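Below is one structure, written out as structure tokens; the observations come after it.
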There are 2 protein chains.
Amino acid sequence: MPAEISGLRMTRQRWEVYRLLMEQRDHPTANDVFIRIKDRLPNISLATVYNCLEALTAHGIVRQVNFDREPSRFCPNHEEHGHFHDRRSGTIHDVSFKPGINLADVLDLPPGTVITNVEITLRGELPASPIAH
Amino acid sequence: MPAEISGLRMTRQRWEVYRLLMEQRDHPTANDVFIRIKDRLPNISLATVYNCLEALTAHGIVRQVNFDREPSRFCPNHEEHGHFHDRRSGTIHDVSFKPGINLADVLDLPPGTVITNVEITLRGELPASPIAH
DNA sequence: CCGATATCAAGAATAATTCTAAATCCATTT
DNA sequence: AAATGGATTTAGAATTATTCTTGATATCGG
Ligand SMILES: [Mn+2]
Ligand SMILES: [Mn+2]
Ligand SMILES: [Zn+2]
Ligand SMILES: [Zn+2]
């Protein structure tokens with residue numbers, strides 16, 4: 001376990017939360033993390049999971065992702081990306097811009113506007129897998 | 001008051017909520033609506049405001065807009081648009097795509113993906129008004 | 001080891017929203 | 001017009017994700 005990541009002191013709990021997010025990149029909720037992490041940290045509390053996720057988020061190590069009023073989800077992908085929620089499977093997928101596309105270029109904003117944060121969420125259906133028929 | 005809008009039967013309460021959203025297009029929360037509407041409907045309950053907003057949303061008459069975990073806001077603008085939250089003033093502004101731009105064209109999605117819903121939210125700072133100095 | 005500081009854990013508190021149940025409204029039928 | 005039945009409204013309770021409080025524990029520098 002590293003002593004720190006991006007200036008955030010690592011503790012056993014923070015490290016295990018971080019590892020879990022890196023290993024299972026399916027955008028779990030705090031409660032999902034709490035349930036999954038019990039194997040490794042049987043005594044961790046849900047409040048601590050929230051604390052760890054907040055600390056990781058505040059230091060830019062993970063991203064908090066919100067879909068409407070649903071519980072927040074967490075994502076360790078640092079690239080600029082949006083999220084596609086597939087209604088068929090319930091899964092959430094990272095979505096990038098096509099190469100060369102810049103969000104500020106396609107939006108009609110007053111010149112001089114500073115964008116500090118962007119969130120793009122999509123819902124819909126991915127095409128049926130070509131393997132399943 | 002029309003008998004119905006988009007198939008939703010109008011009641012006094014729904015109509016006043018709808019009018020308020022059309023007249024003050026600053027993306028109020030349910031509680032904002034509750035406070036503002038008391039002039040016209042002194043006996044309306046907050047639950048009814050929520051009921052009305054839900055009915056109007058379910059019928060596509062208004063849109064529910066979410067910023068992170070903040071209270072939902074409501075918007076009567078039917079154009080496809082995103083929302084820019086100006087940190088300086090706290091105000092929320094509708095943002096459109098530049099003419100001819102289609103979101104599906106700039107995102108890297110598997111061919112055949114069906115997008116049913118898009119939400120774009122931005123935070124940042126609008127340029128200082130040229131009038132104020 | 002010592003004292004200072006940070007973190008953790010358990011449970012209480014918060015706050016937006018939804019639910020429940022009873023009253024009221026309202027369109028339609030007698 | 002009166003009766004009926006379903007929709008709507010209301011007040012308050014309930015829900016639930018999240019945050020807060022507080023005391024216990026761990027960690028750091030010296
Ligand atoms: Mn989940
Ligand atoms: Mn407000
Ligand atoms: Zn992601
Ligand atoms: Zn809007």
Side-chain angles (χ1 to χ4, degrees), chain A residues 1-21 27-38 40-59 61-75 92 121, chain B residues 1-21 27-38 40-59 61-75 92 121:
Chain A
M1 176 177 86
E4 57 176 54
I5 298 179
S6 301
L8 176 66
R9 197 171 96 199
M10 275 300 108
T11 62
R12 181 81 205 287
Q13 288 85 346
R14 287 173 183 166
W15 175 245
E16 294 298 347
V17 168
Y18 175 64
R19 279 220 304 168
L20 189 150
L21 290 176
H27 304 85
T29 64
N31 197 55
D32 291 337
V33 172
F34 178 56
I35 289 166
R36 291 178 190 175
I37 212 169
K38 278 183 174 155
R40 291 162 180 280
L41 297 173
N43 295 317
I44 198 172
S45 75
L46 180 56
T48 298
V49 172
Y50 273 104
N51 286 342
C52 292
L53 290 169
E54 189 198 340
L56 292 166
T57 301
H59 285 253
I61 300 164
V62 305
R63 238 179 84 185
Q64 182 172 348
V65 176
N66 296 299
F67 277 83
D68 301 338
R69 308 249 93 221
E70 295 175 15
S72 292
R73 297 173 173 278
F74 294 86
C75 171
I92 290 164
T121 60
Chain B
M1 176 177 85
E4 57 176 54
I5 298 180
S6 300
L8 176 66
R9 196 173 96 200
M10 276 300 107
T11 62
R12 180 84 204 284
Q13 288 85 348
R14 287 174 183 165
W15 174 244
E16 294 297 348
V17 168
Y18 174 65
R19 278 219 306 167
L20 188 150
L21 291 175
H27 303 88
T29 64
N31 197 54
D32 292 336
V33 172
F34 179 55
I35 289 165
R36 293 178 189 176
I37 212 169
K38 277 181 175 157
R40 292 163 180 279
L41 298 172
N43 296 317
I44 197 171
S45 75
L46 181 55
T48 298
V49 172
Y50 273 104
N51 286 344
C52 291
L53 290 169
E54 190 199 339
L56 292 166
T57 301
H59 285 252
I61 301 164
V62 306
R63 241 179 82 183
Q64 181 172 347
V65 176
N66 295 298
F67 278 83
D68 302 338
R69 309 247 91 224
E70 294 174 15
S72 292
R73 297 172 174 278
F74 295 86
C75 171
I92 291 163
T121 61

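This structure is a prediction, so every number in the text was calculated from the model and none was measured. Order of the sequence lines sets the chain letters (A, B, ...), proteins ahead of strands, with each chain counted from 1.
- With contacts defined as side-chain heavy-atom distances shorter than 4.5 Å, the pair A/Leu53/A/Gln64 does not qualify.
- Considering CG of B/Leu41 and OG1 of B/Thr48, their distance stands at 9.5 Å, rounded to 0.5 Å.
- B/Arg73 CZ to B/Asn31 CG: the interatomic distance, rounded to the nearest 0.5 Å, is 10.5 Å.
- Between the NE2 atom of B/His59 and the CZ atom of B/Arg14 there is a distance of 7.0 Å, given to the nearest 0.5 Å.
- Contact check for A/Cys52 versus A/Tyr18: no side-chain heavy atoms found under the 4.5 Å cut-off.
- To the nearest angstrom, P of C/dA27 lies 12 Å from CD of B/Glu4.
- Across all non-hydrogen atoms, the minimal contact from A/Ile5 to A/Ile61 is O-CD1, 3.5 Å.
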Show me the protein contacts with nucleotides 7-9 of chain C, counting only N or O atoms at under 3.5 Å.
unit_1 : atom_1 : unit_2  : atom_2 : d
C/dT7  : OP1    : A/Arg14 : NH1    : 2.9
C/dT7  : OP1    : A/Arg14 : NH2    : 3.2
C/dT7  : O5'    : A/Arg14 : NH2    : 3.3
C/dC8  : OP1    : A/Thr11 : OG1    : 2.5
C/dC8  : OP1    : A/Gln13 : OE1    : 3.3
C/dC8  : O3'    : A/Gln13 : NE2    : 3.3
C/dA9  : OP1    : A/Gln13 : NE2    : 3.4
C/dA9  : OP2    : A/Thr48 : OG1    : 2.5

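- Proximity of B/Tyr50 to the phosphate of C/dT18: no side-chain N or O atom is located under 4.0 Å from OP1 or OP2.
- Residue B/Gln64 contributes atom CD, which lies 7 Å from atom P of C/dT18 at whole-angstrom precision.
- In this structure, the separation between CD on A/Glu16 and CZ on A/Arg40 is 5.0 Å, given to the nearest 0.5 Å.
- Heavy-atom contacts of chain A under 4.0 Å fall on DNA chain D between two terminal nucleotides, which in 5' to 3' order are D/dA17 to D/dT27.
- Going from atom CD of A/Glu54 over to atom C1' of C/dA6 covers 14 Å, rounded to whole Å.
- For A/Phe74, the ring-ring contact (aromatic ring centres under 6.0 Å, His included) test picks out no residue, with sequence neighbours left out.
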